[in-house]
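Reading through the structure tokens given below for one structure.
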Amino acid sequence: MADRRSFLVRLGWALGFIALAEAVWVVVSFLLPRRAILDDAEIFVAGPISDFAEGSVTAFPEGKFYLVRLEDGSFLALHRECTHLGCTVPWSEDEQRFVCPCHASSYDIRGTVLTSPAPRPLDWLPVRVENGIVKVVPAERQRRSEFRPTQVHTL
């Protein structure tokens with residue numbers, strides 16, 4: 001009986017120590033500052049500027065976004081999830097709009113809502129152009145209430 005009791009006491013102490021160590025790890029992780037500098041894994045390389053015709057929409061399924069090259073040559077990256085319920089919204093080349101297959105919301109080439117029930121425009125992602133190469137930062141997805149020219153990367 002004493003062996004069983006001492007085993008259970010030791011087991012209780014060990015489990016308590018593990019729980020305390022995990023709690024300390026969570027608190028320390030919460031208090032440490034986040035990384036301010038993006039590493040290369042967080043930047044999606046879309047390709048050279050010449051790969052994207054003006055007025056085109058290119059899907060990047062692995063990055064979960066569309067890269068739009070507007071008629072003026074500027075770039076806009078849009079997240080592919082409908083702002084209504086999160087369905088993947090495909091680009092319809094025939095209709096020249098994004099159309100949600102679930103609830104019929106639609107968006108123009110800039111991600112602005114054309115038909116409801118979507119409550120707001122598609123989220124946008126920052127675009128960078130470095131040495132003629134277009135790069136998108138999916139980790140910095142931005143929620144928006146309207147289209148603004150500052151969301152577009154001009155050359």
Would you mind listing every side chain to side chain donor-acceptor pair (under 3.5 Å) that reaches into residues 50-70, with sequence neighbours excluded?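 Every pair satisfying side chain to side chain donor-acceptor pair (under 3.5 Å) with a residue in residues 50-70: there are none.
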ILVMFWY clustering at 4.5 Å (side-chain atoms), partners of [X]:
| X | answer |
| --- | --- |
| Ile133 | Val45 |
| Leu8 | Phe7, Leu11, Leu15 |
| Trp25 | Val26 |

What are the two closest heavy atoms between [X] and [Y], and how far apart are they?
| X | Y | answer |
| --- | --- | --- |
| Gly55 | Ile109 | O-CD1, 4.1 Å |
| Arg144 | Trp124 | CD-CD1, 3.4 Å |
| Cys100 | Val89 | N-CG1, 3.9 Å |
| Arg128 | Ile43 | NH1-CD1, 3.3 Å |
| Phe52 | Gly47 | CE1-O, 3.9 Å |

Validation row: Leu70, Val152 side chains within 4.5 angstrom (heavy atoms):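 With C-beta onward as the side chain, the pair touches.
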Could you tell me if the side chain of Ser105 sits less than 4.5 Å from the side chain of Ser116, heavy atoms only?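 Result no, sub-4.5 Å side-chain heavy-atom pair not found.
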Partners passing side chain to side chain donor-acceptor pair (under 3.5 Å) against [X] (at least two apart in sequence or in another chain):
| X | answer |
| --- | --- |
| Gln142 | none |
| His153 | none |
| Asp72 | Ser74 |
| Thr115 | Ser106 |

Pair Leu78, Val68 - check side chain to side chain contact (heavy atoms under 4.5 Å, CB included), show working. CA-CA 8 Å; Leu78 299 172; Val68 176; 4.0 Å; yes
Any chance you could lay out the side chain to side chain contact (heavy atoms under 4.5 Å, CB included) test for Arg97 and Asp108, step after step, and finish with the verdict? CA-CA 5 Å; Arg97 63 176 63 188; Asp108 69 7; 5.7 Å; no
Salt bridge or not for Asp123 and Arg143, using N-O below 4.0 Å?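 A salt bridge is absent here (no side-chain N lies under 4.0 Å from a carboxylate O).
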Do [X] and [Y] sit in the same hydrophobic cluster, where Ile, Leu, Val, Met, Phe, Trp and Tyr count as joined when their side-chain heavy atoms come under 4.5 Å apart?
| X | Y | answer |
| --- | --- | --- |
| Val27 | Phe17 | no |
| Val28 | Ile18 | no |
| Val113 | Phe65 | no |

Hey, could you give me each pair passing salt bridge (charged side-chain N to carboxylate O under 4.0 Å, His left out) that has a residue in residues 10-31? Not counting sequence neighbours.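 For residues 10-31, and leaving out neighbouring residues, there are no salt bridge (charged side-chain N to carboxylate O under 4.0 Å, His left out) pairs at all.
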Any chance you could measure Thr112, atom OG1, to Phe98, atom CZ, to the nearest 0.5 Å?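 Thr112 OG1 to Phe98 CZ: 10.5 Å, rounded to 0.5 Å.
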In Å and rounded to the nearest 0.5 Å, what is the CG to CD distance from Leu76 to Gln151?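 Between Leu76 CG and Gln151 CD, I get 7.0 Å after rounding to 0.5 Å.
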With sequence neighbours excluded, tell me which residues meet salt bridge (charged side-chain N to carboxylate O under 4.0 Å, His left out) with Glu146.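 Glu146 satisfies salt bridge (charged side-chain N to carboxylate O under 4.0 Å, His left out) with Arg148 only.
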Check salt bridge (charged side-chain N to carboxylate O under 4.0 Å, His left out) between Glu130 and all other residues, then give those that pass, not counting sequence neighbours.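 Residues passing salt bridge (charged side-chain N to carboxylate O under 4.0 Å, His left out) with Glu130: Lys135.
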Show which side-chain atoms of residues 80-87 pair as donor or acceptor with protein atoms under 3.5 Å away, not counting sequence neighbours.
{"unit_1": "Thr83", "atom_1": "OG1", "unit_2": "Tyr107", "atom_2": "OH", "d": "3.2"}
{"unit_1": "Thr83", "atom_1": "OG1", "unit_2": "Arg120", "atom_2": "O", "d": "2.6"}
{"unit_1": "His84", "atom_1": "ND1", "unit_2": "His103", "atom_2": "ND1", "d": "3.4"}

Checking Leu67 against Phe60 for the side chain to side chain contact (heavy atoms under 4.5 Å, CB included) test, could you report, in this order, the C-alpha distance in whole Å, the side-chain angles of both residues, the deciding distance, and whether it holds? CA-CA 7 Å; Leu67 185 62; Phe60 288 91; 3.7 Å; yes
Using atom types as modelled and distance alone, determine if a side-chain donor or acceptor of Gln96 lies under 3.5 Å from a backbone N or O of Glu93.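 A pair under 3.5 Å: yes.
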Chi angles and distances behind the side chain to side chain contact (heavy atoms under 4.5 Å, CB included) call for Phe75, Ile49: CA-CA 9 Å; Phe75 287 95; Ile49 293 172; 4.2 Å; yes
